[in-house]
Amino acid sequence: MAVRTRFAPSPTGYMHIGNLRTALYAYLHARKSKGKFVLRIEDTDQARLVADSVKVIYDSLAVTGLEHDEGPDKGGPVGPYVQSERRPVYKEYADKLLADGHAYRCFCEKEQKPEQPAQEEHEGPILGYDGRCGKLSAGEVEEKLAKGLPYVIRQKIDREGKTVFKDFVYGDIEVDHKQLDDQILLKRDGYPTYNFANVVDDHLMGITHVMRGCEYISSTPKYILLYRAFGWDIPEHIHLPHILNADGRKLSKREGSVALSDFLGKGYLPEAILNYIALLGWNPGTEQEFFTKADLIEKFDIARIGKAPAMFDEVKLAWLNGQHIKALKPEAAHALFLKFYPEKIVKDFDTVKLSGLIQGKVEKPCDIPSMTAFLLALDGNYATELFVNKKNKTTLESCKATLADLQAALSPLAAWNHDSIYPAVSAYAEAKASKIGPVMWPLRIALSGLAVTPTGAIEIAELLGKEESLRRIALAIARL
RNA sequence: GCCCUCUUCGUCUAGCGGUUAGGACGCUGCCCUUUCAAGGCAGAGAUCACGGGUUCGAAUCCCGUAGAGGGCGCCA
């Protein structure tokens with residue numbers, strides 16, 4: 001049977017990175033299997049509709065290249081692909097369940113807490129609905145219906161026995177029916193709950209592999225019971241472990257970046273993000289860590305999805321992003337960096353050249369303003385201790401002397417570019433019978449006032465221009 | 001409270017009865033010497049959550065315990 005996977009997000013207004021990983025796995029499995037990847041919008045909660053949020057979903061899939069084959073915007077044979085447009089379908093199937101005795105109408109008030117048997121061992125939350133309306137006689141139901149009382153439709157679950165289902169990742173999951181309650185299938189407003197809609201839609205849309213977060217594991221037995229009530233084949237269930245933040249808590253909006261747009265805004269490349277999250281809960285079984293999207297499609301295998309939750313480590317994401325940036329064509333890197341250069345840098349510097357110089361060095365493009373700030377203005381109060389470098393055996397005194405000599409050597413230069421500056425510096429080092437390091441070190445510090453710079457001393461001098469370079473050298477000499 | 005699940009270096013992970021427990025990020029050091037960085041190499045870092053079994057032999061199989069995560073919504 002041809003593989004069909006789906007991504008079924010709710011329009012919440014942003015794309016959670018954990019959700020994106022679910023989409024990615026579903027996409028990869030479909031592509032790898034030459035199957036179809038379906039987008040379905042789960043907008044059955046009328047109270048939580050967020051304007052324009054469907055657009056966020058489209059945009060997210062587009063920017064990451066997770067193109068769907070079928071969906072609200074693309075159409076397809078099993079539409080509509082928006083749940084709010086499928087209400088008659090849910091009604092039809094709910095009626096079927098009603099007719100077969102697998103469901104019943106419940107007239108209980110929304111707020112009404114069912115009375116629980118007063119058992120003292122019951123502390124804390126108690127389990128769900130007590131099923132009282134399931135015991136209503138046909139006559140009583142007719143009577144309430146005649147009165148026009150509002151109702152919901154509940155799944156009728158026999159509390160005897162247990163259900164076992166096989167999860168592709170977690171193995172056999174067994175749940176005692178005592179743990180289950182008569183969940184609501186159709187709400188009072190006529191919309192289905194997730195619990196009902198996902199089963200009906202996944203079946204009707206021919207989904208072969210259901211991938212979703214592992215928070216649904218506990219309710220899956222109820223879904224299995226629905227499949228059985230309808231006499232439908234049960235698709236493969238693939239529950240995914242959660243992605244956690246650094247505290248070991250579920251990655252949530254409140255603490256830092258969780259939305260795709262947050263990461264995009266920092267200059268992370270979509271492909272690097274995909275690469276990183278793919279590795280959170282999946283591994284290729286080889287030592288490869290750098291993956292393009294095409295690599296992932298080729299190497300992805302649902303059999304290698306792990307069970308343990310993974311902490312999201314932005315430091316490693318940044319490293320991986322740096323790897324992807326290095327792999328970029330210079331024009332592409334420049335186009336990316338251009339979004340992050342401060343205005344004044346763009347105005348005063350040759351950013352094409354600058355981009356080329358820093359491409360191998362940038363991990364997070366959002367760091368570019370701070371990385372390049374020294375070009376615009378030198379903080380004249382930088383610590384002079386920076387001149388002391390053990391490896392190059394430089395001291396404050398040696399640096400002062402070197403810089404004075406450099407000042408003399410560079411001042412007469414007519415042309416100011418790499419090919420004129422480097423030979424002058426190099427010749428000076430040679431004349432002093434010194435390696436170039438001890439000369440480069442003080443020069444770089446004098447020009448930048450920084451221990452670590454995005455590019456080398458000669459390049460910085462060239463970028464700054466002759467006048468500014470000499471001014472900074474003079475300043476350093478004065479301070480030493 | 002009840003139920004489900006998870007647990008290998010700080011982090012992501014490999015491992016599926018016999019390994020010096022491997023790799024990556026990060027960290028430290030060395031090398032390169034047209035440079036700090038980058039790159040290359042090396043090192044530190046894991047009594048495999050704990051306690052019992054089974055076995056000649058367990059990170060790997062079984063049972064308990066603990067910790068963590070999740071579920072128990074007219075949310076998804």
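The figures that follow rest on heavy atoms only: side chains count, while hydrogens, waters and symmetry mates do not. In what follows, chains carry the letters A, B, and so on, assigned in the order in which the sequence lines appear, proteins first and then strands, with residues in each chain numbered from 1.
The base of rA24(B) lies close enough to the side chain of Lys316(A) for a donor and an acceptor atom to sit less than 3.5 Å apart. Remark: the Thr453(A) side chain and the rC36(B) base include a donor-acceptor N/O pair separated by less than 3.5 Å.
One can place OH of Tyr223(A) at 18 Å from P of rC4(B), the figure rounded to the nearest angstrom. In this structure, CG of Asp201(A) is placed 12 Å from P of rA76(B), rounded to the nearest angstrom. Remark: C1' of rG22(B) and CG of Asn283(A) are 12 Å apart, rounded to the nearest angstrom. Glu215(A) places its CD atom 14 Å from the C1' atom of rG73(B), with the value rounded to the nearest Å. rU8(B) atom P lies 13 Å from atom NZ of Lys307(A), rounded to whole Å. As rounded to whole Å, 17 Å separates atom C1' of rG10(B) from atom CD of Glu314(A). Rounded to an integer number of Å, the gap from Glu287(A) CD to rU13(B) C1' is 11 Å. The separation between Met440(A) atom CE and rU34(B) atom P is 8 Å, rounded to whole Å.
Taking every side-chain heavy atom of His418(A) into account, rU34(B) is the closest of rU34(B), rG26(B), rG73(B).
Spacing of C1' atoms, rG45(B) relative to rU8(B), comes out at 13 Å, to the nearest Å. Comparing the same atom, C1', in rU60(B) and in rG53(B) gives a spacing of 15 Å after rounding to whole Å. rA66(B) and rC75(B) are spaced 36 Å apart, taking the P atom of each and rounding to whole Å. For the C1' atom pair drawn from rA44(B) and rG29(B), the interatomic distance equals 10 Å after rounding to whole Å. A gap of 30 Å separates the P atoms of rU20(B) and rG26(B), to the nearest Å. Look at the P atom in both rG22(B) and rG43(B): the space between them is 11 Å, to the nearest Å. Taking the P atom of each, rC48(B) and rG10(B) are spaced 13 Å apart, rounded to whole Å. Rounded to whole Å, the P atom of rC16(B) lies 16 Å from the corresponding atom of rG23(B).
For Tyr382(A) and Phe374(A), the gap between ring centers reaches or exceeds 6.0 Å. Centroid-to-centroid, the aromatic rings of Phe300(A) and Trp282(A) come within less than 6.0 Å.
No contact: Gly213(A) has no heavy atom under 4.0 Å from any strand. Residue Arg304(A) is classed as a sugar-phosphate contact, given heavy-atom separations below 4.0 Å to backbone atoms only. Residue Val315(A) is in sugar-phosphate contact alone, with no base atom involved, counting any heavy-atom pair closer than 4.0 Å across all strands shown. Nucleic acid contact class of Lys391(A) (heavy atoms, under 4.0 Å, all strands): base. At a threshold of 4.0 angstrom between heavy atoms, the contacts of Ile184(A) include nucleobase atoms, whether or not backbone atoms are also involved. Tyr170(A) comes within contact range of the sugar-phosphate backbone alone, with a heavy-atom separation under 4.0 Å but no base atom that close. Across all strands, Ala308(A) comes closer than 4.0 Å only to sugar-phosphate atoms, never to a base (heavy-atom distances). Among the protein residues, Ser219(A) comes within range of no part of the nucleic acid, since none of its heavy atoms lies under 4.0 Å from any strand. Thr455(A) comes within 4.0 angstrom of a base, heavy atoms only. Contact annotation for Ala451(A): base contact, defined as any heavy-atom pair under 4.0 Å involving a base atom. Note on Ile458(A): a base of the nucleic acid sits closer than 4.0 angstrom, heavy atoms only. Contact annotation for Asn392(A): backbone-only contact, meaning every heavy-atom pair under 4.0 Å involves sugar-phosphate atoms and none involves a base. Residue contacts for Tyr191(A): at a heavy-atom cut-off of 4.0 Å it reaches no nucleic acid atom on any strand shown. Counting any heavy atom pair closer than 4.0 Å across all strands shown, His239(A) reaches no nucleic acid atom.
Under the Watson-Crick or G-U wobble criterion, with both distances below 3.5 Å, rG43(B) is paired with rC27(B). Look at rG1(B): its Watson-Crick or wobble partner, with both distances under 3.5 angstrom, is rC72(B). Pair assignment for rC6(B): rG67(B), on the basis of Watson-Crick or G-U wobble contacts that are both within less than 3.5 Å. Under the Watson-Crick or G-U wobble criterion, with both distances below 3.5 Å, rC61(B) is paired with rG53(B). When both distances must be under 3.5 Å, the Watson-Crick or G-U wobble mate of rA21(B) does not exist.
For the 3.5 Å distance criterion, the side chains of Gln46(A) and Asp189(A) fail to qualify, holding no donor opposite an acceptor. For the residue pair Gln288(A) and Lys299(A), a side-chain donor N or O sits within less than 3.5 Å of a side-chain acceptor on the partner. Under the 3.5 Å distance criterion, with hydrogens and angles disregarded, no donor-acceptor pair is assigned to the side chains of Asp313(A) and Tyr276(A).
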message: Evaluate Asn389(A) against Thr394(A) for side chain to side chain donor-acceptor pair (under 3.5 Å), listing each step before the verdict.
response: CA-CA 5 Å; Asn389(A) 180 260; Thr394(A) 59; 5.0 Å; no
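OP1 or OP2 of rG39(B) lies within a sub-4.0 Å distance of a side-chain N or O belonging to Lys326(A). Contact between the side-chain N/O atoms of Lys187(A) and the OP1/OP2 oxygens of rC75(B) is found at a separation under 4.0 Å. An OP1 or OP2 oxygen of rA76(B) is reached within less than 4.0 angstrom by a side-chain nitrogen or oxygen of Thr44(A).
The nearest heavy atom of RNA chain B to Asp172(A) and to Trp282(A) marks one nucleotide each, and the one closer to the 5' end goes with Asp172(A). Sequence order on RNA chain B of the closest nucleotides to Glu174(A) and Tyr194(A) puts Glu174(A) first from the 5' end.
Ring-plane geometry between Tyr341(A) and His334(A) is classed as tilted, the angle between the planes lying from 30 to 60 degrees on a 0 to 90 degree scale. His324(A) and Phe290(A) have parallel rings, their planes meeting at less than 30° on a 0 to 90° scale where 60° marks the start of perpendicular.
For NZ of Lys353(A), the number of neighbouring non-hydrogen atoms (other residues, nucleotides, ligands) closer than 6.0 Å is 12 at most.
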